[in-house]
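What follows is a short report on a single structure.
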Amino acid sequence: MRMVAVLAVAALLGVSACGSGGDDEPPGPGTVEVFTWWAEGGEKAGLDALVARFAADCPGQRFENGAVAGGAGVNAKQELTRRIARRDPPDTFQAHAGAELTDYIDAGQVQDLTAYYDAWGLRAAFPAGLVDDLTVHGKIYSVPANIHRANVVWTNPAVLARAGLAATPPKDLRAFLGDLAKLRAAGVEAPLALGRDWTQLMLLEAVLISDLGAGGFAGLFTGETAWTGAPVTRAVGDFARLLSFGNADRDSLDWPQAERLLIDGKAGYQLMGDWEAADLAAKGLAGYGWFTFPGNGGTFQWLADAFTMATGTLNLTGTECWLKTVGSAAGQRDFNAAKGSIPARTDVPSTGFSPYQQSAMADWKSATQVPSCAHGSACSQPWQNAINAALTAYATRRDTRALQADLALAADQFIRR
Ligand code: BGC
């Protein structure tokens, strides 16, 4: 479908076009291709809610779904790179606020949206800190749809109860390791549900927050904290201990497959971002439990899904209307209620959100905020790729010293100074 659109516009402009086709029917001038990795479960439910709002707010415009499945965008980001390289970008694509977005800005792949921020009153609608994080050389290139929290442990309360574990969450990492051992002793072979590289990076980051504190953790991505120090050595050791309580096939599972272990009662816990809240509800574990990762105290590890206007968008009016919907109070209410995240806007009432989301809304206001590398707010895409490769290497080598050395090397190579 995109090919046809590119050719139609190219014919009008009298220029040659390249790209590859896909769908069956040609888009009208009012088609907006929205590129995400929200293809099923709670993620799809969130997207559907946003699309319904878009349909109501943007008459004459049609949504075209460019989603590419795969948690954290592992496949989508690669496909996006290919499409941009062959000058066939979607009209708008999902990117993480912070360092990851800066990669696209530096490459000239997204357009400046600063004027829309002024026209739509978005500066005052979002927290000042978030607007700062989105601003690069005085300009803003994306509209955040939400705030997700990364450092949350989800539980299957029935599994914990069968092993006689108290409903109160473990107070620190030691206590958590103790509870994992109790679950295993009670016959739960893999008490902690684990998935592939980036999900392990999330676990490592949560452990680093526990062992280094919020400030020490944030400093790992600014150059203020050394990756070679003893606190990181301790954290890598704790991370390895946690992995030993997981499922052996972890490297081949995406997050929903690891989550399945929790839903089916084969695991008691899973560390995952709060897209899991919506997904557990969508997949039948509405009675899930949750707590902040043990030892993370009052730290809220955040990330934000933001939408861009791609350089070379074919439908300017429709893309503008999509972005306006994303940034609107009604759009943020409908989308986030279904997605598990909380609105980035500060003026959306908490009514209609789940008990988990209401607790996240309160924490977002009071907790210390730190960014996430696995989800692009703390580190660039190449840096994230290097850490994921280090974790994949660890899976076969099982050498914590080598893992720490690889992490330090990645930081040296990719830190923006
Ligand atoms: C995105 C979320 C998404 C999650 C799992 C994260 O990188 O920010 O919106 O639900 O990946 O796919």
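Source: prediction; values computed, not measured. Note that ligands are numbered from 1 as they come in the structure, with each ligand's atoms numbered from 1 the same way. One is the number of the first residue; the rest follow in order along the sequence.
Taking 4.0 Å as the cut-off between side-chain N and carboxylate O, Arg397 and Asp406 count as a salt-bridged pair. Ion pairing of Asp254 with Arg196 is absent here, as no side-chain N (NZ or NE/NH1/NH2) approaches a carboxylate O to less than 4.0 Å. A salt bridge links Arg174 with Asp238: the distance from a Lys NZ or Arg NE/NH1/NH2 to an Asp or Glu carboxylate oxygen falls below 4.0 Å. Under the 4.0 Å criterion applied to side-chain N and carboxylate O atoms, Lys324 and Asp57 are not assigned as salt-bridge partners.
Close approach to Lys339 involves these atoms of ligand 1, each under 4.0 Å from a residue heavy atom: 2 (C), 3 (C), 9 (O), 10 (O). Every atom of ligand 1 is numbered from 1 in the order shown, and the set under 4.0 Å from a heavy atom of Gly71 is 12 (O). Residue-ligand proximity, Glu43 to ligand 1, at heavy-atom distances under 4.0 Å covers atoms 3 (C), 4 (C), 5 (C), 10 (O), 12 (O). Residue-ligand proximity, His375 to ligand 1, at heavy-atom distances under 4.0 Å covers atoms 6 (C), 7 (O), 11 (O). If you number the atoms of ligand 1 from 1 as listed, the ones under 4.0 Å from a heavy atom of Trp255 come out as 5 (C), 12 (O). Shown in contact with Leu303 at under 4.0 Å from a heavy atom are these atoms of ligand 1, numbered in order with element: 8 (O). Contact atoms of ligand 1 toward Trp37: 1 (C), 3 (C), 4 (C), 6 (C), 7 (O), 11 (O), 12 (O) (distance under 4.0 Å to a heavy atom of the residue).
Proximity of the aromatic rings of Phe221 and Trp227 is defined here by a centroid distance below 6.0 angstrom, and this criterion is met.
When each of Thr392, Asn388, Asp251 is tested with Gln200 by the rule side chain to side chain donor-acceptor pair (under 3.5 Å), just one qualifies, namely Asp251.
Given atom 1 (C) of ligand 1, the protein heavy atom at minimum distance is Asp305 OD1, 3.4 Å.
For the residue pair Asn156/Gln270, the side-chain donor-acceptor check at 3.5 Å is not satisfied.
Residue-to-ligand polar distances keep Trp275 apart from ligand 1: every N/O pair is separated by 3.5 Å or more.
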